[in-house]
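Below is one structure; the comments refer to it alone.
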Amino acid sequence: MTGISVDIARVGVVGCGQMGAGIAEVCARAGLDVMVAETTGEALEIGRTRLFNSLSKAAERGKITSEELDATQARLSFTTDLGEFADRDLVIEAVVENEQVKTEIFQVLDQVVTRADAILASNTSSIPLVKLAVATSRPDQVVGIHFFNPAPVQQLVELIPALTTSEGTLSRAQVFTEKVLGKHSIRAQDRSGFVVNALLIPYLLSAIRMFESGIASREDIDNGMEMGCAHPMGPLKLSDLIGLDTVVSVAQSMYEEYKEPLYAAPPLLQRMVDAGRLGRKSGSGFYTYG
Ligand SMILES: NC(=O)c1ccc[n+]([C@@H]2O[C@H](COP(=O)([O-])OP(=O)(O)OC[C@H]3O[C@@H](n4cnc5c(N)ncnc54)[C@H](O)[C@@H]3O)[C@@H](O)[C@H]2O)c1
């Protein structure tokens, strides 16, 4: 890694949901010029409010000064037109966990981003990076940069090279996440779930199956892991935080990859998503939120 320069000043973030907003915040707080794209003006407004509220909370808690708050906000711009990403050095895609949607975005980014060695990264939790890489004419410049939720708080980033990713792209991504953003990175092969979700998702699905079969109440399941194993959050609360639609999508990708029953989404989880109970972000999931 020594000697690798990382000339990344302008970052694009596609998607301003839970993760996109958090990633944009991390990059802007690191002093970078950040442009955020969403599908519609309404989604953009929701995302901008989410991001600015998080920054205001950071200021209230004394994590940034009021001058830093103003400067960070000034480094952020918002658009619904991916064409405005032409001058970006790095783009991080963080839209819904849907292969077709992500593939189309990578095709557009390939067309619009002009810098020859720009990095095109995905925050996907489970979709094979190589599928996104080969949708572009620069598969050597596509890499997985997988943040954790909430991105401004969690220290870890998983770096996932596709089979096509060059060593140069991977090294620049590592320098960027560690030296520029101050995160800790681990590397994983391009296998669905990488390291953390490959371990976490079967555990969350087991907890949902346990709740579904009536073995214990949701509170007892969560308290069991919080008070018995010192986890900061029980598995049902954590599923609500991640987003139940995301948990289902990641489980489906992993089931598709490995064909193991432990990755199969329990019927209750699927029905909750069908009902629009997506967890915290929709106001209800295993719990109800104000
Ligand atoms: N939720 C987590 O804990 C978590 C953690 C790590 C990684 N991820 C991954 O991050 C990605 C996003 O997850 P999330 O939790 O932020 O989801 P989310 O539902 O909160 O946000 C997704 C956002 O993408 C936007 N979007 C959809 N299509 C778009 C398009 N074509 N262009 C621009 N924006 C578009 C939506 O409007 C929405 O705001 C997924 O790939 C997920 O697997 C999620």
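Start at 1 and go down the list; that is how both ligands and their atoms are numbered.
- Nearest protein heavy-atom neighbour of atom 21 (O) of ligand 1: Gly17 CA, 3.3 Å.
- Residue-to-ligand polar distances keep Thr124 apart from ligand 1: every N/O pair is separated by 3.5 Å or more.
- Contact detail for Thr80 and Thr40: the closest heavy-atom pair is CG2-C, 3.5 Å.
- Between Asp245 and ligand 1, no pair of N/O atoms sits closer than 3.5 Å.
- Looking only at heavy atoms of the protein, atom 20 (O) of ligand 1 is closest to Gln18 N, 3.0 Å.
- Which parts of ligand 1 touch Lys102 is read off a 4.0 Å heavy-atom cut-off, strictly below it: atoms 40 (C), 41 (O).
- There is a side-chain donor-acceptor pair under 3.5 Å between Ser137 and Asp110.
- At under 3.5 Å, a nitrogen or oxygen of Ile242, whether backbone or side chain, sits near a nitrogen or oxygen of ligand 1.
- In terms of protein heavy-atom proximity, atom 43 (O) of ligand 1 is closest to Ser125 OG, 2.8 Å.
- Residue Met19 places at least one N or O, backbone or side chain, under 3.5 Å from an N or O of ligand 1.
- When only interatomic distances are considered, the shortest N/O to N/O separation between Val95 and ligand 1 falls below 3.5 Å.
- In terms of protein heavy-atom proximity, atom 37 (O) of ligand 1 is nearest to Glu38 OE1, 2.8 Å.
- Only the side chain of Ile105 comes within 4.0 Å of ligand 1, counting heavy atoms alone; its backbone N, CA, C and O stay farther away.
- At under 3.5 Å, not a single nitrogen or oxygen of Glu93, backbone or side chain, sits near a nitrogen or oxygen of ligand 1.
- Between the side chains of Glu178 and Ser185, at least one donor N or O lies within less than 3.5 Å of an accepting N or O.
- In this structure, Phe176 and Cys27 have side chains that are in contact, with non-hydrogen atoms separated by less than 4.5 Å.
- Counting heavy atoms under 4.0 Å from ligand 1, residue Lys281 touches it through the side chain alone.
- Side chains of Thr79 and Glu84: a donor-acceptor N/O pair is present below 3.5 angstrom, by distance only.
- Checked for salt-bridge contact, Glu68 and Arg29 miss the test: no charged N lies under 4.0 Å from a carboxylate O.
- When the heavy-atom distances from atom 7 (C) of ligand 1 to Gln154, Glu97, His146 are ranked, the shortest goes to His146.
- Per-residue contacts place Val14 under 4.0 angstrom from the following atoms of ligand 1 (heavy atoms of the residue considered): 32 (N), 33 (C).
- Looking at Phe147 against ligand 1, only its backbone comes within 4.0 Å, counting heavy atoms.
- In this structure, a donor-acceptor pair under 3.5 Å is present between the side chains of Gln100 and Glu104.
- Under 4.0 Å is where a charged nitrogen must lie from a carboxylate oxygen, and between Asp87 and Arg115 no such pair does.
- Ion pairing of Arg187 with Glu158 is absent here, as no side-chain N (NZ or NE/NH1/NH2) approaches a carboxylate O to less than 4.0 Å.
- For atom 10 (O) of ligand 1, the nearest protein heavy atom (residue, atom name, distance) is Asn123 ND2, 2.9 Å.
- The proximity of Thr246 to ligand 1, defined as any non-hydrogen pair under 4.0 Å, is limited to the side chain.
- Annotation: Arg50 places no N or O atom under 3.5 Å from an N or O atom of ligand 1; distance criterion only.
- At most 12 heavy atoms of other shown residues, nucleotides or ligands fall within 6.0 angstrom of atom CD in Gln189.
- Ala94 counts as a contact of ligand 1, since one of its heavy atoms falls under 4.0 Å from the ligand.
- For atom 29 (C) of ligand 1, the closest non-hydrogen atom on the protein side is Thr39 CG2, 3.3 Å.
- Other residues, nucleotides and ligands contribute over 12 non-hydrogen atoms within 6.0 Å of the NZ atom of Lys281.
- Side chains of Ser166 and Thr169: a donor on one and an acceptor on the other come within 3.5 Å.
- For Tyr289, there are no ring pair (Phe, Tyr, Trp, His ring centres under 6.0 Å) partners at least two apart in sequence or on another chain.
- Under a 4.0 Å N-O distance rule, the pair Arg10/Asp33 does not qualify as a salt bridge.
- Annotation for ligand 1: atoms under 4.0 Å from non-hydrogen atoms of Asn149 are 1 (N), 2 (C), 3 (O).
- In this structure, the protein non-hydrogen atom closest to atom 22 (C) of ligand 1 is Val96 N, 3.9 Å.
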